[in-house]
Amino acid sequence: MADASISPAISRALRVSAVHPAVRDVRVLGRLDDGSVWAELDVEQELPSTWRAAGVSPSGVRSIETVGIWFPEDFPQGAPRTFLREDFDRSHPHLLPVPRSLGLPPQPCVVQAYPAELIQARGFSGYLDQLADWLDKAAMLQLNNPQHGWEPVRRDHLDDEILMDPDEIRELAVPAGECFVLATHYLRFELGEGKRMMRVALDPASRVDLATAQCSEKAISEAVFRGRGIALVVSAPDADGLPTVIGTHAPEDVASVEDLHRRADLYRCSAALMAKLNHIALMLDNGQFPASPLPIVFLVRRPFALIGSSSSVEICPYLVHLQPGGGLLRGVGDVRLCGVRDDVSVNLLRRASGELVETDRPRWALLGCGSVGSKIAVHAARRGFGPTDVLDRAAMSPHNYARHALLPEPNVRGGAMGYKAEVLAHALSGFRQEPRVVIGSLEELCASPDERAELGGCRLVVNTTGSSLLREAVSFRAWETRPTFADAHLLGAGSVAYAAFEGPNGNPSLSDLAAESYRIFAKDASLRTKVFGAEAQAIDIGQGCGAVTFPMPDDRLGALAAGLSQTVCNRLRCEGEQEIGSLHVGHIMPDGLSQSWTKAEIEPRIVLRSDAIEVRISPRVDAEIRVAIAARPGVETGGVIVGRYSQIGEAFQVVDLMPAPPDSVFSAERFVLGVEGLRQSVRRLLEESGGSLYVLGTWHNHLVPSGASALDMATAARLALRQFFPVLMLIAHPEGYSFLAAELGGAVPAEAAEHVPR
């Protein structure tokens, strides 16, 4: 009959226990005045037959273990507590940290998270499953195993925090087992009622001589104090030329200096630690040392790597509050438990971001430290991929903070006055990724052979200025060792994000990629409205938001800049040189929140050169030309060439074609371009591309490999009269191309000296 004094939830848990396959008996020991209930469960283990006859495993786990369970009155909202027998071996891992001073039996760590959460999700039977599994693994000594990882000493309460770079601290586990004295900075928080909390930062590079150690403290408020002190970091010396491995798991029960001595003995580093502790105690009692916190960190080498780590060195930190006359020499004093908090480091940022920790930080340069550039840099730095070089010639202005990734200095009129590159570099140094700073324009830097060599060592140079002039200068400048350049900025009044990555040796170049992007935008009604519309024309096409006259809220810029940062980081993680270029375009959808991103792979250009002119042809256009020639065998055919002309590079960029009008003449002797509907087609091209693409000239084919004919030259000269930049006449033949260029008032250059085979 059910006991009416026991709550329905606890009664239900007891009934579930009675029918669980691993439970042999359930006994209610009593109900306490506070409504809680004590029960005992006999849990059977699946021991191997040789152990079952003895009734116990070599690890001391019995074939039937009696465990006590305490159910709180508010169960299942309150979690039950499980206790093993008093003489259960406490060296097993995954035991809760219960100080011996409390006189409680050992408690198994049944679940890493909160037991109440497990019970809520899987019922009390799920909790019993975990308990039975824990006892089975304890019997087989499988609570710690290499596949799962070594379970660090568990601490259910922490008094203080220690900030450190764990990878740097672990390097102090040297073969000699030295006890290092490190400088610390700390904050002491007085919480009232005699309670306090310490936050201590360790710097492995700041070694201290005890004789000259400087410890001090000053108040920064009534309850907060800032100070400098020291810490001890110690590990066991190697034995017989091999690292000392501590395979014994001890639950956390250190509460006094005497307990700390015993723990040092267990970790085989007592001699080195006591030498330093006794020295500190003498100085303390002689008045040579002020009251201060003393962190003591054991570096313990385990048999295999810790859970979630590639290192087998466990960091076990404690804190002793030094007080003159406190009895440290006699082993008297309380010890506080510390939690390890990783200091900011590249490895920490990568772990938190899900990146590979072991990956080297690639060298890359950020050109332009304004709103978009700063956001890309900070996003990348938070992933451990911050820029190694930052370049900008401009100074910060108050209006920059409307969209800049950095915050203005409080109580400083106008924010932080300084160069943008310097201000950004200072912020990145807080991520432990301080970059090289260069003040100046890229044009100035590229004029220097030394600076070209510096940038040539970068995997990527990302231009975020949005300057079309800079884009053209970079694309057509000769480099001894050319890095891969990228563009990353916003278009269309901040509604479109644009990223472009060059191919090998700048083919396709940033200029080629821009020309291809205009073709892509022109063919997409939504994109061309944004990029080439009236609002976007408030500044020149291709520029970003470098001017204050280009109003845009920070949240919209930040949303698109995050995508740009993602594309940059993805490119940085790619090993080896990419064989092609790529375009990445993102834009805000009509709801103002959603984004759409697309990627286009852009193949290297087919390049024709003469002494003065260069022609850069899209392979897609080349394919269309060859298809058109194949469609009219035995006769010459042709059409209209569409693209851009770079005045800085003196280069034609051919990205599209217009078909020959229907009144064109096709014959074996010549091709004559018709005019029917041509004017309307050209007008539509200019409208859809916002004038960014236009007619460059014409193309036609010769049936045999040859250069320009007299007719071609005359036609080119006539066409040159109709436009204010050179006209291109492209000649396709079975072995490649030749070309002819003419300009009003100028001589007709010689045809291309080289023919590019297909």
Side-chain angles (χ1 to χ4, degrees), residues 515 518-519 521-523 525 528 532 608 613 615-618 620-647 651-704 706-733 737-749 751-752:
Y518 297 144
R519 181 188 65 83
F521 295 152
K523 293 182 181 299
R528 70 170 175 254
F532 304 130
L608 315 176
I613 294 291
V615 179
R616 305 176 67 85
I617 306 171
S618 163
R620 177 182 38 76
V621 170
D622 170 60
E624 291 180 10
I625 287 175
R626 299 302 166 179
V627 168
I629 293 173
R632 295 180 182 272
V635 301
E636 291 189 5
T637 185
V640 177
I641 302 170
V642 172
R644 291 180 61 81
Y645 181 75
S646 171
Q647 299 185 62
F652 293 97
Q653 295 167 313
V654 181
V655 299
D656 211 349
L657 299 175
M658 285 184 184
D663 59 336
S664 299
V665 176
F666 308 91
S667 71
E669 294 76 23
R670 63 177 181 170
F671 164 73
V672 179
L673 184 71
V675 297
E676 184 180 336
L678 185 59
R679 186 183 299 274
Q680 292 85 345
S681 297
V682 172
R683 184 181 299 114
R684 184 167 59 253
L685 167 69
L686 295 174
E687 290 174 353
E688 291 181 349
S689 70
S692 60
L693 296 178
Y694 38 82
V695 172
L696 297 176
T698 66
W699 76 271
H700 69 281
N701 72 303
H702 288 177
L703 302 182
V704 296
S706 60
S709 65
L711 177 61
D712 294 335
M713 293 182 184
T715 303
R718 186 174 67 255
L719 292 174
L721 298 174
R722 302 179 183 179
Q723 58 192 40
F724 297 102
F725 58 88
V727 66
L728 173 65
M729 181 171 285
L730 186 63
I731 303 166
H733 54 70
Y737 291 93
S738 58
F739 71 92
L740 192 65
E743 186 173 7
L744 179 64
V748 177
E751 64 186 74

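Keep in mind that the numbers below use all heavy atoms, side chains included, and drop hydrogens, waters and symmetry copies.
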Closest contact, heavy atoms only, [X] versus [Y]:
X: V635; Y: L703; value: O-CD2, 3.6 Å
X: S738; Y: H733; value: N-NE2, 4.0 Å
X: A522; Y: F532; value: N-CE1, 4.1 Å

Any chance you could measure [X], atom [atom1], to [Y], atom [atom2], to the nearest 0.5 Å?
X: T698; Y: L730; atom1: OG1; atom2: CG; answer: 8.5 Å
X: R528; Y: K523; atom1: CZ; atom2: NZ; answer: 9.5 Å
X: R644; Y: Y694; atom1: CZ; atom2: OH; answer: 4.5 Å
X: T637; Y: F671; atom1: OG1; atom2: CZ; answer: 5.5 Å
X: I625; Y: I617; atom1: CD1; atom2: CD1; answer: 6.0 Å

* Do H700 and I731 touch side chain to side chain, with heavy atoms closer than 4.5 Å? -> yes
* What do the steps show when you test Y645 against L728 for side chain to side chain contact (heavy atoms under 4.5 Å, CB included), and what is the final call? -> CA-CA 10 Å; Y645 181 75; L728 173 65; over 6 Å; no
* side chain to side chain contact (heavy atoms under 4.5 Å, CB included) between L673 and L678: does it pass, once the steps are laid out? -> CA-CA 10 Å; L673 184 71; L678 185 59; 4.2 Å; yes
* Dump the intermediate steps for side chain to side chain contact (heavy atoms under 4.5 Å, CB included) on W699 and V621, then the final yes or no. => CA-CA 11 Å; W699 76 271; V621 170; over 6 Å; no
* Report, as yes or no, whether the 6.0 Å neighbourhood of atom CD on Q647 holds more than 12 heavy atoms from other residues, nucleotides or ligands. => no
Name the atoms and distances for all side-chain donor-acceptor pairs under 3.5 Å in residues 651-668, with sequence neighbours left out.
{"from": "Q653", "atom 1": "OE1", "to": "S511", "atom 2": "OG", "distance (Å)": "3.4"}
{"from": "Q653", "atom 1": "NE2", "to": "S511", "atom 2": "O", "distance (Å)": "3.4"}
{"from": "Q653", "atom 1": "NE2", "to": "S511", "atom 2": "OG", "distance (Å)": "2.5"}
{"from": "Q653", "atom 1": "NE2", "to": "D512", "atom 2": "OD1", "distance (Å)": "3.2"}
{"from": "D663", "atom 1": "OD1", "to": "V675", "atom 2": "N", "distance (Å)": "3.0"}
{"from": "D663", "atom 1": "OD1", "to": "E676", "atom 2": "N", "distance (Å)": "3.1"}
{"from": "D663", "atom 1": "OD2", "to": "V675", "atom 2": "N", "distance (Å)": "3.1"}
{"from": "D663", "atom 1": "OD2", "to": "E676", "atom 2": "N", "distance (Å)": "3.3"}
{"from": "S664", "atom 1": "OG", "to": "P661", "atom 2": "O", "distance (Å)": "2.8"}
{"from": "S664", "atom 1": "OG", "to": "G674", "atom 2": "N", "distance (Å)": "2.8"}
{"from": "S667", "atom 1": "OG", "to": "E669", "atom 2": "N", "distance (Å)": "3.4"}
{"from": "S667", "atom 1": "OG", "to": "R670", "atom 2": "N", "distance (Å)": "3.1"}
{"from": "S667", "atom 1": "OG", "to": "R670", "atom 2": "O", "distance (Å)": "2.9"}

* Asked: Do R616 and Y737 meet the cation-pi criteria used here (NZ or CZ under 6.0 Å from the six-membered ring centre, within 45° of the axis)?
  -> no
